[in-house]
Amino acid sequence: MRIGVPKETAPGEKRVATVPDVVEKLVKLGFSVAVQSGAGDAANFADDTYRAAGAEVLPTAAELWATSDIVFKVRAPSPEEVALMREGGTLISFIWPAQNPELMQQLAQRTATVLAIDSLPRQLSRAQKMDALTSMAGISGYRAVIEAANAFGRFFNGQITAAGKIPPAKVFIAGAGVAGLAAIGTAANLGAIVRANDTRAEVADQVVSLGGEFVKVDYEEEGSGGGGYAKVMSEGFQQAQREMYAQQAKDADIIITTALIPGKPAPKLITAEMVRSMKPGSVIVDMAGEQGGNCELTVPGEAVVRHGVTIIGYTDLVSRLAKQSSTLYSTNLLRVTEELCKTKDGVIDVNMDDDAIRGLTVIKEGNVTWPPPPLKLPAPPPAKPAAAAAPAAKKGHGHGAGEPMSAKSLAIVFGVGAVLFLLVGLYAPASFLSHFTVFVLACFVGYMVVWNVTPSLHTPLMSVTNAISSIIAIGALVQVAPPLTDAGADRPNVLILGLAVVALALTAVNMFGGFAVTRRMLAMFRK
């Protein structure tokens, strides 16, 4: 089967659905690939690079659509492109079926099979490799910060120069989904003071891990929705949220909004009054501009100045990094193709029994199959029987697990212990008694030393094992080279000396290996 990649016709769209590196992998799957001439020019992929990768370059869109069994696209096709599509062909693209019912009917009339990349069931862990929404959101979040920095009149990071002190920029990010988290990480890396908010409380740790501060709304309500999105919140929560946003607007230099709810207009989070309260020269980047915007004064597709504040409502943030976004998007489509062609013979099989493929497929051979049925999520694991058996332990005169020991039982334990120590003191040799005393004190001191080690640049397990290893190393060194109090001091026998040397060697390997592993882990997070 032939895969065709036409040139995108939407205004301002610079992405291309397949890059040369992916063409080579599609050819290995058994497909032939055709690319319209100039399709990759805006993303810096020349026609010659496609030819070198094994693709055929066709001069016109009409020829490409007519001869392709499968068409890869970025934006949803226009009515003119649908008319060019061959009967019974397959289309893989962004479609947004809920927002484009007329397009769905036009594609159905062509008896097409349509896989909407935006309809992927993101709850499935194995679907992550096909998740183009996440790929594009990460790029748009990064680019939003770059656009804000371009429009902002100062450095992001604070500096102390001979000419004076420059305070760091204060950035507030509304929404900590994929795009929001990418924006948080980028702004923090540029040196800004970053604050963020989201209706989903579980993302607070992610915000902090990227260098931001999570700002909580003073209202208790869970905001997690399906498919990784936030849900529509109650009026009480929204009022508390508006009050918090109003406070942040007065203090922030830059606000980046990312709030979107599938199938609905973007919620209005930043009012005109909030914009008016911001400092002159501040910047708002509204990433929801294509769905109407999160700010009341946003003009979709444009950057405007209102009340001294620059409001950026660009709808092509992803296209402004066309080469990177095209590479990631084409990789997502490659993973979809691998799921469709598991036999690697160049023929796809749209298996409606596969949850991921079923969610993607919005039209099957002219029949509209959207929306898909609810996913059959696995049942939660059964409760452990130990929890039910716990109350039974309280019956009788004994004490159950976790229940404090009675005064009588505690007295008996201490009494038995005292008798044992008395017997040891009366009948044990003096040498044993001195060694036993040292042993008890060593256990106590060792416990206090090991469990009071502060984990610094290590996991708690690493710090504890290094502390134990240090004690072993000291003991082995004492045996290898005992202190000589006089010339006649006895040397340890060969067996003890050998064990000490082996213990010292193994402990050294454990300690130095632990530090080596830690350095490699830390290096993963360095630039």
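When all heavy atoms of A356 and M130 are compared, the closest pair comes out as CB-CE, 4.0 Å. A pairwise comparison of heavy atoms in A252 and F172 identifies CB-CB, 4.1 Å as the closest pair. For V71 against P6, the heavy-atom pair with the smallest separation is CG1-CD, 3.7 Å. Nearest heavy-atom pair, V74 versus V16, reported as atom, atom and distance to 0.1 Å: CG2-C, 3.9 Å. Minimum interatomic distance between Q36 and L64 (heavy atoms only, all atoms of both residues): N-CD1, 3.3 Å. Residues P20 and T49 come closest through the heavy atom pair CG-OG1, 3.4 Å.
Atoms CZ and OG, from R335 and S330 in turn, are 10.0 Å apart once rounded to the nearest 0.5 Å. In this structure, L91 CG and I363 CD1 are separated by 8.5 Å, a value rounded to the nearest 0.5 Å. The CG atom of L103 sits 8.5 Å away from atom OG of S93, with the distance rounded to the nearest 0.5 Å. Here the straight-line distance linking atom NE2 of H307 with atom CD1 of I311 works out to 7.5 Å at 0.5 Å rounding. Note: Q248 CD to S277 OG = 11.0 Å, rounded to the nearest 0.5 Å. For the atom pair CE of M274 and CG of L297, the computed distance is 11.5 Å after rounding to the nearest 0.5 Å.
L26 has its side chain within reach of T18: a pair of non-hydrogen atoms, C-beta onward, lies under 4.5 Å apart. Considering only heavy atoms from C-beta on, M352 comes within 4.5 Å of K364 through its side chain. Residues I255 and C295 are not in side-chain contact: their nearest non-hydrogen atoms beyond the backbone lie 4.5 Å or more apart. Under the 4.5 Å side-chain criterion, counting only non-hydrogen atoms from C-beta, Q241 is in contact with N197. Contact of the V82 side chain with the L107 side chain is registered, since non-hydrogen atoms from C-beta on lie closer than 4.5 Å. The shortest distance between side-chain heavy atoms of Y142 and L317 does not fall below 4.5 Å. Within the 4.5 Å cutoff, side-chain heavy atoms of F31 are placed close to those of I348. The shortest side-chain heavy-atom distance between R195 and D251 falls under the 4.5 Å cut-off.
The backbone N or O of V362 sits less than 3.5 Å from a side-chain atom of T369, completing a donor-acceptor pair. Listed for the S135 side chain is a donor-acceptor partner under 3.5 Å among the backbone atoms of D131. Of the possible donor and acceptor atoms, one in the side chain of N189 sits under 3.5 Å from a partner among the backbone N and O of G185. Put simply, the side chain of T361 gets close to the backbone of I357: a donor and an acceptor are under 3.5 Å apart. In terms of modelled atom types and a separation under 3.5 Å, the side chain of Q291 and the main chain of A266 share no donor-acceptor contact. Panel note: side chain T258, backbone A174; a donor-acceptor pair is recorded below 3.5 Å. Remark: the backbone N or O of P300 is not paired with any side-chain donor or acceptor of T298 at under 3.5 angstrom. Checked by atom type and distance alone, the side chain of N294 pairs as donor or acceptor with a backbone atom of P267 at under 3.5 Å. Proximity of a side-chain donor or acceptor of D198 to a complementary backbone N or O of A176 within less than 3.5 Å is detected. Without hydrogens or angle criteria, K268 side chain to G293 main chain gives a donor-acceptor distance under 3.5 Å.
Look at K73 and E81 and you find a salt bridge, because one of the NZ, NE, NH1 or NH2 atoms lies within 4.0 Å of a carboxylate O, short of that distance. Under 4.0 Å is where a charged nitrogen must lie from a carboxylate oxygen, and between E338 and K342 no such pair does. Between R242 and E273 there is no salt bridge, since no side-chain N of the basic residue sits under 4.0 Å from a carboxylate O of the acidic one. The pair K279-D253 meets the salt-bridge criterion, since a charged nitrogen lies less than 4.0 angstrom from a carboxylate oxygen. Ionic pairing of E8 and R75 is not present here: no N-O contact between side-chain nitrogen and carboxylate oxygen is shorter than 4.0 angstrom. Between K7 and D41, no side-chain nitrogen of the basic residue sits less than 4.0 Å from a carboxylate oxygen of the acidic one, so the salt-bridge criterion is not met. The pair R358-D355 does not meet the salt-bridge criterion, since no charged nitrogen lies less than 4.0 angstrom from a carboxylate oxygen.
Of the N and O atoms on the side chains of Y314 and D286, not one donor lies less than 3.5 Å from an acceptor on the other residue. Judged purely by distance below 3.5 Å, without hydrogens or angles, the side chains of S319 and D316 never pair a donor atom with an acceptor atom. With no hydrogens or angles considered, no side-chain donor-acceptor pair links S325 and R320 at under 3.5 Å. There is a side-chain donor-acceptor pair under 3.5 Å between E80 and S78.
Crowding of F155 atom CZ: a count of heavy atoms from other residues, nucleotides or ligands under 6.0 Å not exceeding 12. For CD of E235, the number of neighbouring non-hydrogen atoms (other residues, nucleotides, ligands) closer than 6.0 Å is greater than 12.
Applying the salt bridge (Lys or Arg N to Asp or Glu O under 4.0 Å) test to R126 and every residue at least two apart in sequence or in another chain returns E339, D354.
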>> Would I284 and V309 count as a side-chain contact (heavy atoms from CB on, under 4.5 Å) here? Give the steps.
In response: CA-CA 7 Å; I284 296 175; V309 178; 4.0 Å; yes
*Test L334 against L29 for side-chain contact (heavy atoms from CB on, under 4.5 Å), laying out the working first.*
CA-CA 10 Å; L334 171 65; L29 286 175; 4.1 Å; yes
- Task: Applying side-chain contact (heavy atoms from CB on, under 4.5 Å), run through I117 and L115 and close with a yes or a no.
- Result: CA-CA 6 Å; I117 201 70; L115 279 72; over 6 Å; no
Intermediate values then yes/no, side-chain contact (heavy atoms from CB on, under 4.5 Å), F156 and I254: CA-CA 10 Å; F156 262 48; I254 295 168; 3.3 Å; yes
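Each salt bridge (charged side-chain N to carboxylate O under 4.0 Å, His left out) pair with one or both residues in residues 14-23, not counting sequence neighbours, appears once here: E13-R15.
Checked options L210, T186, V203; the residue passing with L181 is L210 (criterion: side-chain contact (heavy atoms from CB on, under 4.5 Å)).
Aromatic ring orientation, F94 versus W96: parallel (interplanar angle below 30°, classes split at 30° and 60°).
The aromatic ring centroids of Y329 and F72 lie 6.0 Å or more from each other.
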